[in-house]
Protein chains: 2
Amino acid sequence: MRRRAGRPSQALLGQGQITRAALKLVARDGYKALTMSGLAKSLNVAPSALYNHVASKQDVLLLVEDALMGRVDVSAFARMPWAEAVRLWAHSYRDVFSAHLPLIPVIALLPVTNAPQTIKMYEAVTDGFLRAGWPQERIVDAIVALESFIFGSAYDANAPADIFATGELAEEAPHFSAAVSLRRNPAGHNDADAAFALGLDALVAGLAATLAG
Amino acid sequence: MRRRAGRPSQALLGQGQITRAALKLVARDGYKALTMSGLAKSLNVAPSALYNHVASKQDVLLLVEDALMGRVDVSAFARMPWAEAVRLWAHSYRDVFSAHLPLIPVIALLPVTNAPQTIKMYEAVTDGFLRAGWPQERIVDAIVALESFIFGSAYDANAPADIFATGELAEEAPHFSAAVSLRRNPAGHNDADAAFALGLDALVAGLAATLAG
DNA sequence: ACCTGAACACCGTTCAAGT
DNA sequence: ACCTGAACACCGTTCAAGT
């Protein structure tokens, strides 16, 4: 799908330009700024012009999601033991989408068809599972389980520090309130990172035990 | 905060009425129908009238979320071993919010202050962890890890059956495509339920091992 | 083939005016 | 104290008209 020669290529709109403009817009001003008219303005074009290249805003989000999936680091699967590779991949995956929460419903609910980077990511992960001896028919369920934990953890990474502050209702939940106030974690780690590490270690260990058993 | 006597109580607006109307609206027509004007219409009132009782639409969502949290079954923590209780609670939690995906960012990102049912749920879960011998300072992280998995799984429960269909790009991801086509699970269980059970068992087993070790 | 400009059918929220 | 009605500043999307 190359541009025809003999035409000035700089000002022509295309899915690539739209994706790059959307990423830049989100990086600078966040998802509240990613509107069809805001996107059009950043491309010096009328909003309706976008609809010659995408069918809907959902389409734009899918393009952005697929571009970001290319930033998820799957390289550990080619050079490390399964458990360690899963941990590194999961951390990278969470870190990428913690900054892009509105895309999580897009990843979780939209078919991967026509999302080449996303498919490429899944292929690398599947390869790692196969090399570790996982039976083909269990691999997708295991990946989905890990992804579910990663998506939920991406939300949690954006939770405010006082999310569990019970306020005036503290006396009705004494044990919970006490547990919350004792939550303090080792220096250098915030609460979300500690919960993520705890859950990820448990999940990886539990899945490894399932495979062995 | 009772109504003053001597006035007709039937037509007066309040947070309770708003919550019930919102729940009914969502149950009948889904979250796309939960707009401030739609909600007002269902209460035979002008949209602006709602702002005498809630500060924003986010406020309405928080009210709905807290009401639904009362439907999450925590009773198993009072009568069953920890691992089994966690499994039953997690299933109930996922099932309640699988039908209310737009509330997941609300639960994950908004403080629990002034959400009494939510706090009550956390108290019951914390009690169960304490009785099982969990140290206070690890309980909140463990609950957060389980919740992250539950939220992600609630999304996955709404994924279309063909979410992993690679389409024209199948030949570029042969191992993944093969794993997807072999995913078929035992009769009576769909894919989401199988992935949820696999991950939940692994997480519970891994957490139990953490506690023991 | 791809753009503009106007229009449509919505959103959430505010606020003066009433009772 | 709590409601109405009008208004505001947006949304995503469509479509006739141009080139």
Side-chain angles (χ1 to χ4, degrees), chain A residues 1-23 25-26 28-65 101-103 105-106 109-110, chain B residues 1-23 25-26 28-65 101-103 105-106 109-110:
Chain A
M1 273 251 261
R2 309 202 47 155
R3 296 269 160 217
R4 203 152 70 262
R7 276 219 261 161
S9 67
Q10 63 181 43
L12 294 178
L13 218 50
Q15 293 198 336
Q17 337 251 342
I18 290 174
T19 306
R20 278 188 291 274
L23 281 165
L25 199 58
V26 166
R28 193 189 315 121
D29 302 320
Y31 277 88
K32 75 181 188 331
L34 182 56
T35 64
M36 293 303 271
S37 69
L39 183 56
K41 176 169 287 183
S42 81
L43 287 159
N44 294 312
V45 109
S48 52
L50 298 172
Y51 290 88
N52 288 303
H53 304 94
V54 295
S56 63
K57 187 180 177 179
Q58 277 274 337
D59 243 41
V60 174
L61 293 177
L62 190 60
L63 288 170
V64 172
E65 179 256 296
L101 292 192
L103 296 182
V106 174
L109 300 175
L110 259 54
Chain B
M1 272 251 260
R2 308 203 47 148
R3 295 269 162 218
R4 203 152 70 260
R7 276 220 261 160
S9 68
Q10 61 181 42
L12 293 177
L13 218 50
Q15 292 198 338
Q17 336 252 342
I18 290 174
T19 306
R20 279 187 290 277
L23 280 165
L25 199 57
V26 166
R28 194 189 315 119
D29 302 320
Y31 276 88
K32 73 182 190 332
L34 182 54
T35 65
M36 294 303 270
S37 69
L39 182 56
K41 177 169 287 183
S42 81
L43 287 159
N44 292 313
V45 108
S48 53
L50 297 172
Y51 290 88
N52 287 303
H53 303 94
V54 295
S56 63
K57 185 179 177 180
Q58 278 275 337
D59 243 40
V60 175
L61 293 178
L62 190 59
L63 288 170
V64 172
E65 180 257 295
L101 293 192
L103 296 182
V106 174
L109 300 176
L110 258 54

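In what follows, chains are A, B, ... by sequence order, proteins preceding strands, each numbered from 1.
Between B:Asn52 atom CG and C:dC15 atom P the separation is 13 Å, expressed in whole Å. Summarising the geometry, the separation between CD on B:Gln15 and C1' on D:dC2 is reported as 15 Å, rounded to the nearest angstrom. Per the geometry, CE belonging to A:Met36 stands 11 Å off C1' belonging to D:dC11, to the nearest Å. One can place OH of A:Tyr51 at 17 Å from P of C:dG5, the figure rounded to the nearest angstrom. Atom CG of B:Leu43 and atom P of D:dT4 are 11 Å apart (whole Å). Between the CG atom of A:Leu61 and the C1' atom of D:dC11 there is a distance of 14 Å, rounded to whole Å. In this entry the distance linking NZ of A:Lys57 with P of D:dC11 reads 9 Å, nearest Å. Atom pair A:Asp59:CG and D:dG12:C1' shows a separation of 13 Å (rounding to whole Å applied).
Of the candidates D:dT13, D:dT4, C:dG12, D:dT4 carries the atom nearest the B:Val45 side chain, counting heavy atoms from C-beta on. The side chain of B:Thr35 sits closest to C:dG12 out of C:dG12, D:dT13, C:dC2. Distances were taken from every side-chain heavy atom of A:Leu13 (C-beta onward) to each of C:dG12, D:dT13, C:dC3; the shortest belongs to C:dC3.
Pair check for D:dG12 finds C:dC8; Watson-Crick or G-U wobble, both atom distances under 3.5 Å. Nucleotide C:dA17 forms no Watson-Crick or G-U wobble pair with any nucleotide shown, as no partner meets the under 3.5 Å limit on both distances.
Here the CG atom belonging to A:Leu50 is positioned 11.5 Å from the CD atom belonging to A:Gln17, to the nearest 0.5 angstrom.
B:Ser48 comes within 4.0 angstrom of a nucleotide base, judged by non-hydrogen atoms across all strands.
Here B:His53 reaches the OP1 or OP2 of D:dC3: one of its side-chain N or O atoms lies under 4.0 Å away.
Where A:Ala49 and A:Ser37 meet DNA chain D, the nucleotide closest to each residue was compared, and A:Ser37 sits on the side nearer the 5' end.
Tested against A:Leu110, the residues A:Leu62, A:Asp59, A:Leu61 include a single side chain to side chain contact (heavy atoms under 4.5 Å, CB included) partner, A:Leu62.
Here the side chains of A:Val64 and A:Val26 are not in contact, with every heavy-atom distance at 4.5 Å or above. A:Tyr31 has its side chain out of reach of A:Leu101: every pair of non-hydrogen atoms, C-beta onward, lies at least 4.5 Å apart.
Using modelled atom types, no side-chain atom of A:His53 and backbone atom of A:Ile18 make a donor-acceptor pair closer than 3.5 Å.
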